[in-house]
*Asks:* 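My structure is below; once you've seen it, I'll send some questions.
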Amino acid sequence: MDRQILGARYTATAITLHWLIAVLLLGQFAFGLTLDDIPSGMPERGLYVNLHKSSGMLIGLLVLLRVGWRLTHRPPPLPATMPPWQRHVARWSHTILYLCMVALPLSGYLASNFSKYGIKFFNIVHLPPWGPDDRSWYLLFNQIHHLAALVLAAFVVLHVLAVLKHMLIDHDGLLLRMWPARTVRGTDFRSDLETR
Ligand code: HEM
Ligand code: HEM
């Protein structure tokens, strides 16, 4: 493996936030889909919907942290072997992933505030809605929520396929840039760009 390519890595903070948010988002996505299967008349439905809203808001805070971190830190340069069009595609697809990560909790939060229910944070603290109980605003934000979930799913699939292509066809070790250093055996990461 080319040592120079491996040398350019994400910082520990970026790696931690990437994997933490990726796992939480996948769980939250599955949770959202199961909500669709709970009939609206069921008393437990409100309990689960409020749990989804609460965990989603916490993920939203982590996403804000990540976006703040990303805006103030530059990512390591892409492998020199990547042609310009692939660099463009990588940048755009990352931007779309970030937009979905922000749009999902934000649209969910906004939708909840245009419904009389508001949010019961972990079913303990009631956060009353600050907006009117307005069906059309609720539906608009709910549709944005739905669309963002679909776009996120599609781009995560493309994202993973791109990483597989880098690993199996280009052999440029791209995944290792985002992999926790200590778990990559036999690789010397002492020259990591951790102090950018
Ligand atoms: C943070 C990431 C989040 C993800 C990945 C996510 C994902 C999903 C998915 C996949 C669905 C089912 C598809 C749909 O009906 O659109 C859903 C439904 C929903 N989500 Fe989220 N969500 C997130 C955050 C939030 C937040 C923060 C709130 C509110 C504060 C929220 C409120 C809702 C509501 C109200 C529904 C519709 C439930 C129903 O009536 O069936 N979501 N979410
Ligand atoms: C919900 C799931 C995921 C989301 C939202 C996500 C999002 C992102 C974003 C936004 C970046 C760009 C980081 C930046 O430069 O600012 C990134 C980079 C990266 N992700 Fe993911 N990711 C997810 C899952 C995965 C998975 C499952 C893999 C493993 C196959 C993966 C591997 C990588 C790698 C290797 C990079 C670095 C790419 C590079 O060096 O330019 N990600 N991810």
Side-chain angles (χ1 to χ4, degrees), residues 5-6 8-11 13-15 17-40 42 45-46 48-64 66-67 69-71 73-79 82 86-87 89-115 117-121 127 129 138-139 141-168 172-179:
I5 291 171
L6 280 181
R9 301 183 73 245
Y10 281 87
T11 61
T13 311
I15 293 174
L17 285 171
H18 173 272
W19 291 109
L20 182 64
I21 291 174
V23 168
L24 292 174
L25 275 182
L26 293 178
Q28 181 75 0
F29 186 88
F31 191 4
L33 291 185
T34 59
L35 290 181
D36 290 343
D37 298 334
I38 310 175
S40 48
M42 245 177 133
R45 189 179 151 78
Y48 291 115
V49 170
N50 277 297
L51 272 183
H52 176 84
K53 291 177 180 178
S54 312
S55 51
M57 282 167 66
L58 292 185
I59 297 172
L61 290 180
L62 272 177
V63 168
L64 283 185
R66 180 168 181 196
V67 170
W69 176 267
R70 179 61 175 80
L71 291 175
H73 294 76
R74 265 200 295 159
L78 286 165
M82 264 173 87
Q86 278 187 24
R87 292 165 182 274
V89 174
R91 275 189 210 110
W92 274 102
S93 57
H94 289 168
T95 306
I96 291 170
L97 284 170
Y98 278 120
L99 288 177
C100 290
M101 281 190 270
V102 172
L104 269 161
L106 186 62
S107 57
Y109 176 77
L110 290 173
S112 306
N113 279 286
F114 287 97
S115 125
Y117 299 112
I119 297 162
K120 284 201 192 79
F121 196 64
L127 306 174
Y138 174 83
L139 282 178
F141 290 123
N142 200 255
Q143 273 160 9
I144 294 175
H145 198 63
H146 191 75
L147 184 71
L150 286 179
V151 176
L152 177 75
F155 273 81
V156 168
V157 170
L158 290 176
H159 186 60
V160 172
L161 288 177
V163 175
L164 280 176
K165 184 222 174 234
H166 277 278
M167 295 304 287
L168 302 176
D172 59 9
L174 190 91
L175 179 61
L176 305 179
R177 288 155 56 88
M178 195 47 110
W179 202 253

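As the structure is a computational prediction, the values presented were derived from the model and not from experiment. Only heavy atoms go into these numbers, but all of them, side chains included; no hydrogens, no water, no symmetry mates. Counting starts at 1 for both ligands and their atoms, following the listed order.
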*Asks:* May I ask you to list the atoms of ligand 1 that are less than 4.0 angstrom from any heavy atom of Asp36?
*Replies:*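 Once the distances to Asp36 are compared, the set is 12 (C), 13 (C), 15 (O), 41 (O).
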*Asks:* For Phe121, is the CZ atom crowded, meaning more than 12 foreign heavy atoms sit under 6.0 Å from it?
*Replies:*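 Count over threshold, so yes.
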*Asks:* Of the protein's non-hydrogen atoms, which lies at the shortest distance from atom 16 (O) of ligand 1, and what is that distance?
*Replies:* His146 ND1, 3.0 Å
*Asks:* Between Gln143 and Ser107, is any pair of side-chain heavy atoms under 4.5 Å apart?
*Replies:*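 No. Closest side-chain heavy atoms not under 4.5 Å.
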*Asks:* Search all heavy atoms of Tyr10 against all heavy atoms of Ile15 and return the closest pair with its distance.
*Replies:*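 Result for this residue pair: O-CD1, 3.5 Å.
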*Asks:* How far is atom 12 (C) of ligand 1 from its nearest protein heavy atom, and which residue and atom is that?
*Replies:* Gly32 O, 3.3 Å
*Asks:* Who's the nearest protein heavy-atom neighbour of atom 37 (C) of ligand 2, and how far?
*Replies:*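 Nearest protein contact, heavy atoms only, for atom 37 (C) of ligand 2 is Tyr10 CE1, 3.6 Å.
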*Asks:* Can you confirm whether His146 is buried at NE2, in the sense that more than 12 heavy atoms of other residues, nucleotides or ligands lie under 6.0 Å from that atom?
*Replies:* no
*Asks:* Given Gly108, Ala153, Gly118, identify the one with the heavy atom nearest to atom 26 (C) of ligand 1.
*Replies:*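 Heavy atom nearest to atom 26 (C) of ligand 1 belongs to Gly108.
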*Asks:* Using a strict cut-off of 4.0 Å, indicate which atoms of ligand 1 neighbour a heavy atom of Gly56.
*Replies:* 1 (C), 24 (C), 27 (C)
*Asks:* Give the numbers and elements of all ligand 2 atoms closer than 4.0 Å to a heavy atom of Tyr98.
*Replies:* 10 (C), 13 (C), 14 (C), 16 (O)
*Asks:* Identify the two heavy atoms, one from Ala111 and one from Tyr138, that lie closest to each other, and give their separation to 0.1 Å.
*Replies:*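 Scanning both residues, the minimum pair turns out to be O-CD1, 3.1 Å.
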*Asks:* What atoms of ligand 2 come within less than 4.0 Å of a heavy atom belonging to Leu78?
*Replies:* 41 (O)
*Asks:* Nearest heavy-atom pair of Arg66 and Leu17: which atoms, and what distance?
*Replies:* CA-CD1, 3.9 Å
*Asks:* To the nearest 0.1 Å, how far is atom 41 (O) of ligand 1 from its closest protein heavy atom, and which atom is that?
*Replies:*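 Of every protein heavy atom, Arg45 NH2, 2.9 Å lies nearest to atom 41 (O) of ligand 1.
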*Asks:* Of all heavy-atom pairs between Arg177 and Ala8, which one has the smallest distance, and what is that distance?
*Replies:* CG-O, 3.2 Å
*Asks:* Looking only at protein heavy atoms, identify the closest one to atom 40 (O) of ligand 2 and say how far it is in Å.
*Replies:* Arg177 NE, 2.4 Å
*Asks:* Looking at side-chain heavy atoms only, is the closest gap between Leu174 and Pro79 below 4.5 Å?
*Replies:* yes
*Asks:* For Leu175, take its heavy atoms, then give the atoms of ligand 2 lying under 4.0 Å from any of them.
*Replies:*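 Counting atoms of ligand 2 from 1, those under 4.0 Å from Leu175 are 29 (C), 35 (C).
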*Asks:* A side-chain contact here means heavy atoms from C-beta on lying under 4.5 Å apart; do Lys165 and Gln86 qualify?
*Replies:*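 They are in side-chain contact.
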*Asks:* Determine yes or no for a side-chain-to-main-chain donor-acceptor pair under 3.5 angstrom, with Lys53 supplying the side chain and Gly118 the backbone.
*Replies:*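 Looks like yes, one N/O pair under 3.5 Å.
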*Asks:* Where is the nearest protein heavy atom to atom 25 (C) of ligand 1: which residue, which atom, and how far?
*Replies:*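 The answer is His145 CE1, 3.4 Å.
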*Asks:* So between Lys53, Gln143, His52, Gln28, whose heavy atom ends up nearest atom 30 (C) of ligand 1?
*Replies:* Lys53
*Asks:* For Asn50 and Gly46, indicate whether the former's side chain and the latter's backbone hold a donor-acceptor pair under 3.5 Å.
*Replies:*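 Yes; judged by distance alone, with no hydrogens or angles, the pair exists.
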*Asks:* Please check if atom OH in Tyr48 has more than 12 non-hydrogen atoms from other residues, nucleotides or ligands closer than 6.0 Å.
*Replies:*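 12 or below, so no.
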*Asks:* Below 4.5 Å, heavy atoms only, C-beta onward: do Tyr98 and Val102 meet side chain to side chain?
*Replies:*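 Of all side-chain heavy-atom pairs linking Val102 with Tyr98, none is under 4.5 Å.
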*Asks:* Taking everything shown except Trp69 itself, do over 12 heavy atoms lie less than 6.0 Å from its CH2?
*Replies:* yes
*Asks:* Under 2.8 Å from atom 21 (Fe) of ligand 2, which protein N/O/S atoms are there?
*Replies:* His18 NE2, His159 NE2
*Asks:* Quick one: nearest non-hydrogen protein atom to atom 5 (C) of ligand 1, plus distance?
*Replies:* Leu104 CD1, 3.6 Å
*Asks:* Please could you name the atoms of ligand 2 that Pro75 approaches to less than 4.0 Å, counting only its heavy atoms?
*Replies:* 15 (O)
*Asks:* Please find the pair of heavy atoms, one from Leu35 and one from Arg45, that lie closest to each other, and give the distance.
*Replies:* O-NH1, 2.9 Å
*Asks:* Counting only heavy atoms, tell me which of His166, Arg70, Arg66, Met101 gets closest to atom 9 (C) of ligand 2.
*Replies:*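 When every heavy atom of His166, Arg70, Arg66, Met101 is considered, Arg66 comes closest to atom 9 (C) of ligand 2.
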*Asks:* Are side-chain heavy atoms of Tyr109 and Ile119 found at a separation under 4.5 Å?
*Replies:*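 The answer is yes, as the side chains (C-beta and beyond) meet within the 4.5 Å cut-off.
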*Asks:* Return the closest protein heavy atom for atom 38 (C) of ligand 2 as residue, atom name and distance.
*Replies:*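 So the nearest neighbour among protein heavy atoms is Leu174 CD2, 3.9 Å.
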*Asks:* Name the closest protein heavy atom to atom 28 (C) of ligand 2, giving the residue it belongs to and the distance to 0.1 Å.
*Replies:* Trp19 CH2, 3.4 Å
*Asks:* Are any of the heavy atoms in Ala111 under 4.0 Å away from ligand 1?
*Replies:* no
*Asks:* Compare Phe31, Tyr138, Tyr117, Phe141 and give the one whose heavy atom is closest to atom 35 (C) of ligand 1.
*Replies:*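 Minimum heavy-atom distance to atom 35 (C) of ligand 1 goes to Tyr138.
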*Asks:* What's the shortest distance from atom 36 (C) of ligand 1 to any protein heavy atom, and which residue and atom give it?
*Replies:*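 Ranked first by proximity to atom 36 (C) of ligand 1 is Asn142 ND2, 4.2 Å.
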*Asks:* Taking all non-hydrogen atoms of both residues, which atom of Gln28 and which atom of Ser55 are closest, and how far apart?
*Replies:* OE1-OG, 2.9 Å
*Asks:* Only heavy atoms of Ser112, strictly under 4.0 Å: list the atoms of ligand 1 that pass.
*Replies:* 29 (C), 30 (C)
*Asks:* Specify the protein heavy atom at minimum distance from atom 10 (C) of ligand 1: its residue, its atom name, and the distance to 0.1 Å.
*Replies:* Phe29 O, 3.6 Å
